[in-house]
Structures are given as structure tokens and as C-alpha cells.
2 protein chains.
Amino acid sequence: MTGIIEIAKAANVSPSTVSRVIHNPELVSEEKRNQVLEVINRTGYTPSNLGAGLRKAKTNNLVAIIPDVTSAFNYPVIRAIESIALENGYSLLLGDTQELESRERSFASMARSRQADGILLFCSNLPFDIDPEIPLSEQLPPLVNACETSDLPGLPKVNIDNVAAAEEAVNYLLGLGHKRIAAITGHVKSPSTQDRLKGYRYALRGAGIPVDDGLIEAGNYGLKDAEQATRKLMARRDRPTAIFNFSDEMAMSCLATLHDMGLRIPDDVSVMGFDDISYAEYCYPALTTVAQPMTEIGIECMELLLPQLNGKPMQACNKILPHRLMIRKSTGPAPAG
Amino acid sequence: MTGIIEIAKAANVSPSTVSRVIHNPELVSEEKRNQVLEVINRTGYTPSNLGAGLRKAKTNNLVAIIPDVTSAFNYPVIRAIESIALENGYSLLLGDTQELESRERSFASMARSRQADGILLFCSNLPFDIDPEIPLSEQLPPLVNACETSDLPGLPKVNIDNVAAAEEAVNYLLGLGHKRIAAITGHVKSPSTQDRLKGYRYALRGAGIPVDDGLIEAGNYGLKDAEQATRKLMARRDRPTAIFNFSDEMAMSCLATLHDMGLRIPDDVSVMGFDDISYAEYCYPALTTVAQPMTEIGIECMELLLPQLNGKPMQACNKILPHRLMIRKSTGPAPAG
DNA sequence: CAGACCACTGAAAACGTTGCCAGAAAACGA
DNA sequence: TCGTTTTCTGGCAACGTTTTCAGTGGTCTG
């Protein structure tokens, strides 16, 4: 009792007609349509995506390639993507690379092995062998690159302006009178970290403050690393009066570590995050941070992916979405002295 | 240049041989094997999962049906599942139901439409029409039910002992001298909340303290709701001296709200969470909570699902994994008076 | 030397759909 | 009335694999 053929037999029509009833019911006479519908309802038949996919060369699956599914930043964007995907008849496969290139490639190859129709790439490394002679659009499956974007031109990308965002954040701290502003960065080679560092430096230079590399520590977007970075920074003779974390998760860890050291926030040290994850508001003190429009990022990704899935060629595009400084309680005027 | 047939032609063998080279290379003579391998490497051929799936009636996809992917509790279990799935050649589809039954059902139907081979169900409602006459194992696809488990017997389930865990948590608070212990619960109809409430009541009764329903507020596992619940509780004439939140996320919200009201934790109020998400340790003060073994839950789910995927019939099973009280800084002795 | 066995290979039939094509019947126009 | 169009329907081939079956030729064994 599996397939469309059984249904066809039971309804006394041909398989083609059953298929039509499902996909183009208006092409079928009411009489036969009802016959077929009756059998379908009675048996609870659902067409096999496998058969249809094979025939139509489509799986209706998308893969999201994500460096770390364990990070809270991802979920609002994943949720938005999943939701839109669903509306359009696609399912979302989750590819957690755990920062491993081999995994990136194996997920990417799903497009080739017809396990997915499109790719949402959240890492900067394009896991495909590309031939520079041939236009990208002919070598790649439908794809959008977001958040950590590749420097390869020609890709549809979605991001925020990390340089400007970081600059704005640091400027805000400068405006509060801070002079020694530390940074706890993400993975040093990640584009987001590079850009935020750039913004950090711009802001400092703009204020005439020399950049002290000793105030820059790698937190690798991890809770533990951020704790160590914080301790190291606070062990300095000339402690920073403000710490700019390149993610909220690190900021939370930073906050906890500072509390642990008996420091008052923001009286002794100001702490700034990045992302505005849902927990930021519930930190103590509530975390000042740069909000990324995560849901909009997800929406925009699908906006760029859907046309490709419908056969339109991939187009270069660099969509920059607006960030926003969220001023809360973890930052305050620089301590006197 | 798509399929196995082209490869076969190029290598001067039959498609069967190519297939064998890929899946059972030891059955093929070294000579032909090398011929085929050479062509495969040269062309970068990857077999289509669609074709294979159709033939083998297998998609190598699993769906995780999750009420709210946005909740940090899920991340480690998702990661564990995804990782084991991958090792076993499966991909993980994400099904975020956003608490909607229609979505639950639509994800569940993926098993029927051959879009997935198995289901990981994290909600208590079994989204299938089942006929009580027929044994469950004949009506359901490979499936494991975890965390929020159905009361239907016969399903393979993975959970912790929520009753005992909550009892233990409350007993710990009682041991600190608290008498007015409030509870901020999850969704009232969810089994986890029901069980934790049961444990809460047991503990109170065990200590000879009458249960005051006014001290029980629904937080629905949400940040906003928990904030309101906290305010409501603290507006009482006889304020609770301890608040037991049924999730860490709510506890974080509770903590933030109490801070906002100028209360000291744990001096004025003790706060307890549930789950031990990664952020719990980084709250201020570090959150005392009941740790759920999330990674182990994920592992155990796959342990129960894999045999089913390999054709073994579904078996009733109720795997209870150990929880653990994590005593940190957000709880302390009840204030005098 | 015959018979049995072995290692290897290819042909062919599925798996469940869909979409093109062509034909039948009905409706229409002249 | 007779073409002509329209509406509806079924047949058939294809999508890309895998697996069974039936060889072929060669190597053993007694």
C-alpha cells in the first residue's frame, strides 16, 4: 500500500491522474478528482519525496552550515530561516561543523549528492573547489553566505557592518571617558573579528589614543577563553576601565569573572557585548551591546536564496543590515583617576 | 555528466561495478577498481542520495521535533544528536514547532512522505493518529521521545526523573532554612512541569509545610513571563525567601528582575534554576540549579533510535538519566525573621 | 580429467514519481 | 453537418541508484 500506483488502482484512474489531483487539481474533472481524493483521505497517502525528487531533481532540503550550533547567536537566525523554508516547502538540515573544515566540506557536498538544493553558509571559508576561469554561478549550488563572509567576490552575502558597529561601540565607551579600553575578540582569523578589530582601532585612533596590543585578547567566542582573557587583562598593572567583548556570550563570562574578582560593574569596569542575544537583557548588570538583526539576517538569507532555488542565477550581492547600539547598565563613566 | 552510468561508460565497466566499487570495493578486481576510482576522482562524482534512497527506501535524514529551538537547553542535545547522526550517515533536519500542533504534525508526516527515516520527538504530544488495536511499533516510524515525554506506553523514552530532581532541589532550599519557597513553572500542561511541581509538593509536605498555591506562578519557560511571575511573587505581603525556577532561562530573568528591584541574592532571596545551561555558571550570582545531562540525553536518544533505523522493532523503554544538583552562589540561608 | 567451487562481472528489474505526448470524447463554430 | 478546438485522460519513459541473478572463465580437488 505504498505508492501512487496503488492509489490509482483503488480509484480506478491512472497514476498520472492521481499526480494531477495532487499538484494541479484543476486539470482533473470533478468526478475523478473526488474519487481520488476519497482514496487519498481514506488511506492517508502522502507522495514520496524521494520519487518526486528523483524525477524533478529536487530534494526540498536546505543545509545550514554553522560553525557552532551551541551558540545562542545562531538560533534566531536559524529559526527565521527554518520558518521561511517551511513556508516554501523546504526543510532545513543542520550542519554543525564544530569549526572543522572536513565537516564544512562534507556538508557542502550534500548539494552535489542531491541531498540538498541549497546552502546557507555561516562561515568564511567556501568549502568548494572553484575554478577561477569559470564564473562562480556555474560552479556553485544555490548558496548564500552570511555573518562570517568569504572575501571571494561574486557571492550573495548578508552581514552587518562590523567595522562601523565596533567603532560605534568603542566611541560610546570613549564618550564615557574611557581611555584604556580592552577588547576580547573572537577567532582571530574570522572576518567578523578582523572587522571589529578594525573598528576598534579606528575609534581609538580617532580619539588620539594609541592602540595597545596588550589590551587585545583572543576569546575565541568561547566562555572559558573569555574568562581567561578577562583575568589576564585585569592582572595588568594598568587595568582597562572598559572591556569590549566581541560576543555577548563572552561578555557574560567576562561579567561573571569580574564579579568573581570583586569588581563593581560599571563603577570599576564597563563591559560591552556584541550580538544582543536574548539573555543580554537579563545579565547583571543588563548588558550594553551591539544588536545584530538576527531575524532579519535569516529573512534576508532566504530572500537571496529562494530566487536561486527557482533557477535564477547566483548574483553578487552584499546586503548590509543595520546594527544598533543597545545601551544598558553594564557600561558607565570611566572611574576617576 | 551526472550519474553512475556515465562513470561506468567512462571506466568501461557496468554501473553495477561502479556501485560495487563505492560500497563493496573488495568485490571488485583491483584492475577495474582502479579504473573506476580514477574516473571518480577525476570527475568528482558523488552518488545521488535520491536515487539510492529511492532504491533502498531510505533517506538518511532524521527530524528533530523541538518546541522551541531558541531555548539554550536544546543546544547541547541537538549537537550530540547531530554529531552521532553524522557518524552514522544521517543528517539532522530541524523541526521548530513553535509550540504549534499543526507544525508537529507536518514534521511528523515527513517520515511518511519519505523525507526522513526517523524522528526525535521533544514534545509530549504524539503527532500521529494511532489505532489502539494495532501495536504501536507497527504504526510508527523509528522514533524516540525525550525530555517532554508522552504518557502513551510503549514508546522508547529518554528523560530524567523530574519529580526526584525537583524534590531534591526544594529539599536543598528547605535545608537552608527556607519556608516560603515559590515556584515559577513551565507550561502548566507540560509533563516536565507537572512532574517538577509534584516533586516540589512532595518536598514541602515532607517538611510539614503546607503548599500555598499563591506561591506557584506559571513562567511558561519564557523570559518575559518569568519576569512578570517574579514581580507578582515579590509583590506579596509574605514574600518568598526562595524562588525555584523550572528552567535556567527563567531563573536568569528572575535574577535580573530581583536585581532590578534592589534585592540582594542570595541574602534577601535565593534563586534556583533547572537545566544547567552553559550560561548558568556565568550568572550573577552563579546559578544554583539542577543539571540535566543534555549531551547524554542526545547520545541516549541516538542509542535508542539507531537500532530502529536498522530494522529492529520499536521497544518500550523508559531510560532515566541521572540529574545532579549544582550548588553555586545564588542560594543561601534563609534570611532571619 | 571431470566436477565443484570460486572470483568476478554485467544485464535487468525494481524503487515512486512526473511530465510529455497522443488520443478520446465532448463542446464549439461555421 | 462537418471540421476544429477544448477538456480530460492514460501510456510511457525517465530520474539515478542498488541488488539479484545468471553467467563466464578460471582454479581446485579427488
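Chain naming here is simple, since letters A, B, ... match the order of the sequence lines and numbering starts at 1 in each. Model, not experiment: these values are computed from the prediction.
Distances from the side chain of B:I4 to the nucleotides C:dG10, C:dT17, D:dT18 place D:dT18 closest. You'll find that the side chain of B:R20 is closest to C:dG10, out of C:dG10, D:dG10, C:dT17. With distances taken from any side-chain atom of A:S16 to the nucleotides D:dG11, C:dG16, C:dT9, the minimum falls on D:dG11. Listed nucleotides: D:dT9, C:dT17, C:dC15. Nearest to the side chain of A:T17: D:dT9. Of all nucleotides listed (C:dA14, D:dT9, C:dG16), C:dG16 comes nearest to the side chain of B:L54. When the nucleotides C:dG19, D:dG11, D:dT17 are ranked by their closest atom to the side chain of A:R55, C:dG19 comes out on top.
Judged by atom type and distance alone, B:T2 does not reach the base of D:dG16 through any side-chain donor-acceptor pair under 3.5 Å.
Across the protein-nucleic acid pair, A:H23 atom NE2 and C:dG16 atom P stand 15 Å apart, rounded to whole Å. Per the geometry, CG belonging to A:N60 stands 14 Å off C1' belonging to C:dT18, to the nearest Å. Atom CZ in B:R112 sits roughly 12 Å away from atom P in C:dT17 (whole-Å rounding). When the P atom of C:dG16 is taken as reference, atom CD1 of A:I7 falls 12 Å away, rounded to whole Å. B:R33 has its CZ atom 18 Å from the C1' atom of C:dG10, to the nearest Å. Rounded to whole Å, the distance from CD on A:E6 to P on C:dC15 is 9 Å. Distance A:E30 CD to D:dT9 P: 11 Å, rounded to the nearest Å. What separates CG of B:L27 from C1' of C:dA7 is a distance of 9 Å, to the nearest Å.
Closest-nucleotide positions on DNA chain C for B:G51 and B:P15 were compared, and the one nearer the 5' end corresponds to B:P15.
In this structure, B:C123 SG and B:N145 CG are separated by 7.5 Å, a value rounded to the nearest 0.5 Å. To the nearest 0.5 Å, the span separating CD on B:E300 from CG on B:N159 amounts to 11.5 Å.
Contact between the side-chain N/O atoms of B:K58 and the OP1/OP2 oxygens of C:dC15 is not found at any separation under 4.0 Å. At least one side-chain nitrogen or oxygen of A:S19 sits closer than 4.0 Å to the OP1 or OP2 atom of C:dT18. Applying the 4.0 Å criterion to OP1 and OP2 of C:dG10, one finds that B:S14 has a side-chain N or O inside that range.
If you check every strand for non-hydrogen atoms under 4.0 Å, B:A57 touches nothing. B:S29 comes within 4.0 angstrom of sugar-phosphate atoms only, judged by non-hydrogen atoms across all strands, and of no base.
Side-chain contact of B:Y45 with A:S113: a donor-acceptor pair under 3.5 Å is absent, judged by distance alone. A donor and an acceptor atom, one from each side chain of A:N12 and A:Q35, are nowhere located under 3.5 Å apart.
Ring pair A:Y75/B:Y75 is parallel by interplanar angle, where below 30° counts as parallel and above 60° as perpendicular.
Recorded end-axis angle for the helix from C:dC1-D:dG30 to C:dA30-D:dT1 stands at 40°, based on five pairs per end and rounded to 10 degrees.
Shown here for A:G298 and A:A80, the closest heavy-atom pair between the two residues is CA-CB, 4.1 Å.
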* **Derivation of the salt bridge (Lys or Arg N to Asp or Glu O under 4.0 Å) call for B:R105 and B:D129** => CA-CA 10 Å; B:R105 295 190 87 90; B:D129 298 311; 2.7 Å; yes

* Applying side-chain contact (heavy atoms from CB on, under 4.5 Å), run through B:S124 and B:T149 and close with a yes or a no. => CA-CA 5 Å; B:S124 58; B:T149 48; over 6 Å; no

